[in-house]
Colleague: 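Below you'll find the structure I mean.
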Amino acid sequence: KFSSIQDAIEAAPLGGTVVVCKGTYPGMVTVDRRVTLAGKHGATIDATGDVYGVGVSASSTTVTGLTVENASPLDADTGQIADGIVTIGLVNGQPVPADHVKIIGNVVTGNLGSGIDLNSTSHSVAFGNKADGNGVGINVADDLGVAASHNLIAFNVANENFGGCGIALADHTGAGVTDNVVAKNVANDN
């Protein structure tokens with residue numbers, strides 16, 4: 001047993017699986033090693049006061065089966081991200097993007113920013129997730145000045161996201177949001 005999800009990630013072998021048991025875990029998690037982070041039914045990360053619930057800075061990582069909620073920095077005016085699950089993780093205080101990330105079968109809700117943010121990533125997947133009640137349901141962007149390309153966003157439900165977007169593709173820096181596939185999703189009442 002480990003005292004935190006982060007400790008379990010650091011101890012896991014590369015390519016291994018970190019299983020998150022049923023329960024609510026406070027704080028944010030940075031997946032900075034190539035592992036699968038797999039939640040059992042009822043595994044919840046409550047990111048109240050944090051900039052993200054799960055941030056991925058290691059390429060070829062999978063995040064599956066988790067509920068991630070309430071990402072909201074205490075000082076929301078700082079421009080910090082407030083995402084449930086994002087393909088950027090903070091490493092030594094610096095944002096580091098990851099590619100080939102699979103975000104599958106998660107529930108993200110109540111996050112001030114995006115429920116799921118495929119940001120500055122390529123060849124990543126958001127598949128079969130439920131993103132309701134966030135600022136944006138699922139976002140694809142290039143905020144670090146790195147293109148977001150060749151990603152797959154499919155079979156997700158993104159309803160009632162208060163920022164007005166169920167699924168958004170946004171080129172904020174000019175690096176580009178290109179060659180992404182968005183298919184067979186449901187996005188209502190955003």
Side-chain angles (χ1 to χ4, degrees), residues 17 20 28-29 31 35-47 50-72 81-89 97-144 146-172 176-190:
T17 299
V20 182
M28 66 184 203
V29 174
V31 184
V35 297
T36 295
L37 183 62
K40 288 191 171 186
H41 181 73
T44 301
I45 295 174
D46 183 347
D50 291 308
V51 296
Y52 54 72
V54 177
V56 179
S57 63
S59 293
S60 302
T61 294
T62 300
V63 178
T64 185
L66 292 168
T67 295
V68 183
E69 59 189 19
N70 304 326
S72 54
I81 57 176
D83 297 335
I85 302 171
V86 58
T87 57
I88 296 171
D99 295 324
H100 300 277
V101 177
K102 295 177 183 173
I103 302 171
I104 302 171
N106 300 281
V107 175
V108 288
T109 187
N111 298 289
L112 189 59
S114 300
I116 295 172
D117 195 354
L118 298 181
N119 204 317
S120 301
T121 187
S122 292
H123 303 283
S124 291
V125 173
F127 186 92
N129 300 285
K130 184 176 181 185
D132 295 345
N134 304 285
V136 172
I138 299 170
N139 187 52
V140 183
D142 59 352
D143 292 340
L144 294 183
V146 176
S149 65
H150 301 93
N151 298 299
L152 173 64
I153 301 90
F155 295 98
N156 301 286
V157 175
N159 294 335
E160 298 178 4
N161 294 288
F162 56 84
C165 297
I167 299 172
L169 285 77
D171 181 352
H172 295 136
V177 176
T178 61
D179 299 315
N180 296 287
V181 174
V182 180
K184 302 201 181 276
N185 299 283
V186 174
N188 292 316
D189 300 319
N190 294 290

Colleague: Can you name the side-chain hydrogen bond (donor to acceptor under 3.5 Å, both in side chains) partners of N180, sequence neighbours left out?
Modeller: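 Residues passing side-chain hydrogen bond (donor to acceptor under 3.5 Å, both in side chains) with N180: N151.
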
Colleague: At their closest point, which heavy atom of L112 faces which heavy atom of F162, and how far apart are they?
Modeller: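 Nearest pair, atom of L112 first, then F162: O-CZ, 4.0 Å.
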
Colleague: Quick check: closest heavy atoms across S120 and P97, and the distance to 0.1 Å?
Modeller: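 Shortest heavy-atom separation between S120 and P97 comes out as O-CB, 3.4 Å.
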
Colleague: Begin with the C-alpha distance, continue with both residues' side-chain angles, and end with the deciding distance and a verdict on side-chain hydrogen bond (donor to acceptor under 3.5 Å, both in side chains) for S122 and S149.
Modeller: CA-CA 5 Å; S122 292; S149 65; 3.0 Å; yes

Colleague: Using every non-hydrogen atom in the two residues, find where I103 and N129 come nearest and quote the distance to one decimal.
Modeller: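 I103 and N129 have their closest heavy atoms at O-ND2, 2.9 Å.
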
Colleague: Heavy atoms only: give me the nearest G166-A187 pair and the separation to one decimal.
Modeller: CA-CB, 4.1 Å

Colleague: Should V63 and N106 count as side-chain neighbours, where that means a heavy-atom distance under 4.5 Å?
Modeller: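 Result yes, sub-4.5 Å side-chain heavy-atom pair found.
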
Colleague: How many angstroms lie between NZ in K102 and CG in L152, if you round to the nearest 0.5 Å?
Modeller: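 The distance works out to 11.0 Å.
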
Colleague: For the residue pair D171 and D142, what are the closest heavy atoms and their distance?
Modeller: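 The answer is OD1-OD2, 2.6 Å.
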
Colleague: Ignoring hydrogens and angles, tell me if any N or O in the side chain of T64 forms a donor-acceptor pair with the backbone of A38 under 3.5 Å.
Modeller: no

Colleague: When rounded to the nearest 0.5 angstrom, what distance separates OG1 in T109 from CG in N161?
Modeller: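 Result: 8.0 Å between the selected atoms.
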
Colleague: Who pairs with H172 by side-chain hydrogen bond (donor to acceptor under 3.5 Å, both in side chains), at least two apart in sequence or on another chain?
Modeller: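 H172 satisfies side-chain hydrogen bond (donor to acceptor under 3.5 Å, both in side chains) with D143 once adjacent residues are dropped.
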
Colleague: What is the distance from atom CD1 of I104 to atom CZ of F155, rounded to the nearest 0.5 Å?
Modeller: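 Taking CD1 in I104 and CZ in F155, the distance rounds to 12.5 Å.
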
Colleague: Would you please test D83 and N111 for side-chain contact (heavy atoms from CB on, under 4.5 Å) and show each step?
Modeller: CA-CA 6 Å; D83 297 335; N111 298 289; 6.0 Å; no

Colleague: Whether the side chain of N156 engages the backbone of I138 through a donor-acceptor N/O pair (distance < 3.5 Å, no angle test) should be reported.
Modeller: no

Colleague: V31 pairs by side chain to side chain contact (heavy atoms under 4.5 Å, CB included) with which of T62, V101, T61?
Modeller: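 Option passing the side chain to side chain contact (heavy atoms under 4.5 Å, CB included) with V31: T61.
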
Colleague: Going by side-chain hydrogen bond (donor to acceptor under 3.5 Å, both in side chains), name the residues that satisfy it together with D46, two or more places apart in sequence or in a different chain.
Modeller: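 Here the qualifying residues are T48, N70.
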
Colleague: What pairs of residues pass the salt bridge (charged side-chain N to carboxylate O under 4.0 Å, His left out) test when at least one of them lies in residues 125-137, not counting sequence neighbours?
Modeller: K130-D132

Colleague: Measuring from T178:OG1 to L169:CG, what's the distance to the nearest 0.5 Å?
Modeller: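 Separation between the atoms: 10.0 Å.
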
Colleague: Partners of D117 by side-chain hydrogen bond (donor to acceptor under 3.5 Å, both in side chains), sequence neighbours excluded?
Modeller: N119, N139

Colleague: Are N185 and I153 close enough, and set up right, to give a side-chain contact (heavy atoms from CB on, under 4.5 Å), and what steps lead you there?
Modeller: CA-CA 8 Å; N185 299 283; I153 301 90; 4.0 Å; yes

Colleague: Under the salt bridge (charged side-chain N to carboxylate O under 4.0 Å, His left out) definition, can you give me all pairs with a residue in residues 178-189, not counting sequence neighbours?
Modeller: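 Output for this query is empty, none listed.
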
Colleague: If every non-hydrogen atom of A158 is compared with every non-hydrogen atom of G137, which pair is closest and at what distance?
Modeller: CB-CA, 4.2 Å

